[in-house]
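What follows is a single structure, written as structure tokens, with notes after it.
The model shown is predicted, which means the values in this text are computed figures rather than measured ones.
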Amino acid sequence: MSSATLVVMAAGIGSRFGGGIKQLEPVGPNGEIIMDYSIYDAMKAGFDKVVFVIRKDLEKDFRDVIGNRIEKKVKVEYAFQELDDIPEEYKERFKERTKPWGTGQAILCCKDLVNEPFLVINADDYYGKEAYVEAYRELTGGTDEKSGKMLISMVGFVLKNTLSENGGVTRGICKVDDNQMLTEIVETSNIVKTEDGAAVQDGDALIPVDVNSVVSMNMWGLKSDFFDILEKGFAEFVASQEDGNLKGEYLLPTIIGDLLKEGKVDVKVLKSHDKWFGVTYKEDKELVVNEVKKLVEQGMYQ
């Protein structure tokens, strides 16, 4: 089997563990967390290395909670996302910043650890088995880069399979052509479940959205040459931030959307019909526990 790496973005899990840290909430019958299921599914699909993107101050606790256990099953490495990991000339300007620089910087932190094709996921999202099978197949022997552009893959989910019962969510709504290539991605906030399907809540107004739309859940298949694009783009992004703006984020969907508009990449959409779930709201935990219980009872997980 060809080598491929799973990159788990977990730097946003907070400064302490236990109550309130959604990525580390037990959801399985034996105290498993969502990451346990993600890594299990990825390994079954063929991924043979895991890189956790975390903050350095969380390393010991993270290893205790999950890292040491996973290391017994698959090769594990750590990349550290830090606020001051920016070009030297801008460190003084942003010394007061407390907000992370975003998912683009999180992936850039893996540059020296990943030389093979890799799949990016969020630490607190359950994507389902089909997503990893499709992603691995594409990364290790899928579509040829015939256009001369860099080829990226994205696992797309059906919007209705990603909504929360407990409030609005943000999703990248995608337009896909007849060849399953992405033509546009629009980051859309406050999508809520309605009696008729789904809508964007804008004050008291509800603007209907096609509940069968393909959406991005930050599950991207990338090759190692993407790091060069990220590195150049991040330097430009930091330089563009005005003094006093301590909240701007370098986000993967925006980066890839811009590259698409500029004609620099092609993005193949791999569609998954599995139900996505995650703990967006505290109230979502009960639903996640019930969904995991069903999967275990169906024999999906031992």
Side-chain angles (χ1 to χ4, degrees), residues 3-15 17 21 23-24 35 38-39 42 47-63 65-68 70-71 74-91 93-95 97-125 135 139 150 152-154 216-241 246-256 258-259 265:
S3 183
T5 289
L6 180 70
V7 173
V8 182
M9 295 188 292
I13 62 175
S15 57
F17 285 74
I21 305 302
Q23 291 92 333
L24 297 164
M35 271 184 276
S38 297
I39 293 165
F47 290 86
D48 55 6
K49 185 170 84 174
V50 177
V51 175
F52 290 115
V53 183
I54 62 172
R55 295 205 321 269
K56 185 68 179 173
D57 63 304
L58 298 180
E59 182 180 7
K60 181 184 181 301
D61 289 330
F62 191 93
R63 286 178 184 270
V65 171
I66 185 169
N68 293 339
I70 298 301
E71 283 175 12
V74 68
K75 183 178 180 181
V76 170
E77 296 196 71
Y78 292 87
F80 301 104
Q81 183 178 15
E82 301 295 339
L83 290 171
D84 64 353
D85 190 8
I86 60 176
E88 191 67 39
E89 61 266 36
Y90 303 112
K91 289 186 177 182
R93 186 197 296 185
F94 296 106
K95 65 181 180 181
R97 187 181 173 102
T98 57
K99 187 178 180 67
W101 285 99
T103 50
Q105 190 214 16
I107 301 310
L108 184 54
C109 295
C110 304
K111 183 179 180 182
D112 296 330
L113 300 175
V114 179
N115 298 304
E116 56 285 323
F118 62 100
L119 180 69
V120 174
I121 66 167
N122 292 329
D124 54 343
D125 289 352
L139 282 170
M150 180 180 293
I152 291 169
S153 55
M154 181 202 90
S216 164
M217 300 301 299
N218 243 4
M219 194 177 202
W220 300 97
L222 302 163
K223 303 289 177 71
S224 58
D225 48 0
F226 189 68
F227 290 120
D228 294 333
I229 290 177
L230 280 180
E231 191 164 41
K232 181 174 182 291
F234 184 55
E236 292 170 352
F237 174 81
V238 174
S240 72
Q241 299 300 292
L246 303 178
K247 294 186 177 181
E249 290 185 90
Y250 187 55
L251 299 172
L252 210 46
T254 305
I255 296 162
I256 293 172
D258 288 345
L259 290 168
V265 300

Lys91 to Asp84 - nearest heavy-atom pair and separation: CE-O, 3.0 Å
Pairing residues for Arg63 by the salt bridge (charged side-chain N to carboxylate O under 4.0 Å, His left out) criterion, not counting sequence neighbours: Glu59, Glu71
Sequence neighbours excluded, the answer for side chain to side chain contact (heavy atoms under 4.5 Å, CB included) partners of Asn115 is none
Find the distance between CG (Leu222) and CZ (Phe227) and round it off to the nearest 0.5 Å. 8.0 Å
Any side-chain heavy-atom pair of Glu231 and Leu108 under 4.5 Å: yes
So, taking the atom named OG1 in Thr5 and the one named CG in Leu113, what distance separates them when rounded to the nearest 0.5 Å? 9.5 Å
Could you grab the distance from atom CD of Glu249 to atom CD of Gln241, nearest 0.5 Å is fine? 10.0 Å
Can you give me the closest heavy-atom contact between Tyr250 and Leu230, atom names plus distance? OH-O, 3.0 Å
Please check if the distance between the ring centroids of Tyr90 and Phe237 is under 6.0 Å. no
Taking the side chain as everything from C-beta on, heavy atoms only, tell me whether Asp48 gets closer than 4.5 Å to Lys75. no
Can you name the closest pair of heavy atoms from Leu6 and Ser38 and give their distance? CD2-O, 4.5 Å
With sequence neighbours left out, the residues meeting salt bridge (charged side-chain N to carboxylate O under 4.0 Å, His left out) with Glu89 are none
Where Met35 and Val8 come nearest, the two heavy atoms and their spacing: SD-CG1, 3.8 Å
Side-chain contact, heavy-atom cut-off 4.5 Å: Phe80 with Ile54? yes
Check against side-chain contact (heavy atoms from CB on, under 4.5 Å), Thr98 and Leu246: CA-CA 7 Å; Thr98 57; Leu246 303 178; over 6 Å; no
Flag the pair Arg55 and Asp57 as a salt bridge only when some basic side-chain nitrogen lies within less than 4.0 angstrom of an acidic carboxylate oxygen. yes
Asp228 and Lys111 have their tightest heavy-atom pair at OD1-NZ, 3.9 Å
To the nearest 0.5 Å, atom NZ of Lys223 lies from atom CD of Glu116 at 12.0 Å
Residue pair Leu119, Met219: steps toward the side-chain contact (heavy atoms from CB on, under 4.5 Å) verdict: CA-CA 7 Å; Leu119 180 69; Met219 194 177 202; 3.8 Å; yes
Under 4.0 Å between a Lys/Arg side-chain N and an Asp/Glu carboxylate O for Glu82 and Lys56? no
What heavy-atom pair brings Ala11 and Gln81 nearest, and what distance separates the two atoms? CB-OE1, 3.1 Å
Who passes ring-ring contact (aromatic ring centres under 6.0 Å, His included) against Trp101, sequence neighbours left out? Phe94, Phe234
What is the distance from atom NZ of Lys99 to atom CG of Leu83, rounded to the nearest 0.5 Å? 10.5 Å
Applying ring-ring contact (aromatic ring centres under 6.0 Å, His included), can you list everything that pairs with Phe226, at least two apart in sequence or on another chain? none
Quick one: list whatever passes side chain to side chain contact (heavy atoms under 4.5 Å, CB included) with Thr103, sequence neighbours left out. Met9, Asn218, Leu251, Leu252, Pro253
Within this structure, what is the CD1-CD1 distance for the pair Ile255 and Ile152, rounded to the nearest 0.5 Å? 10.0 Å
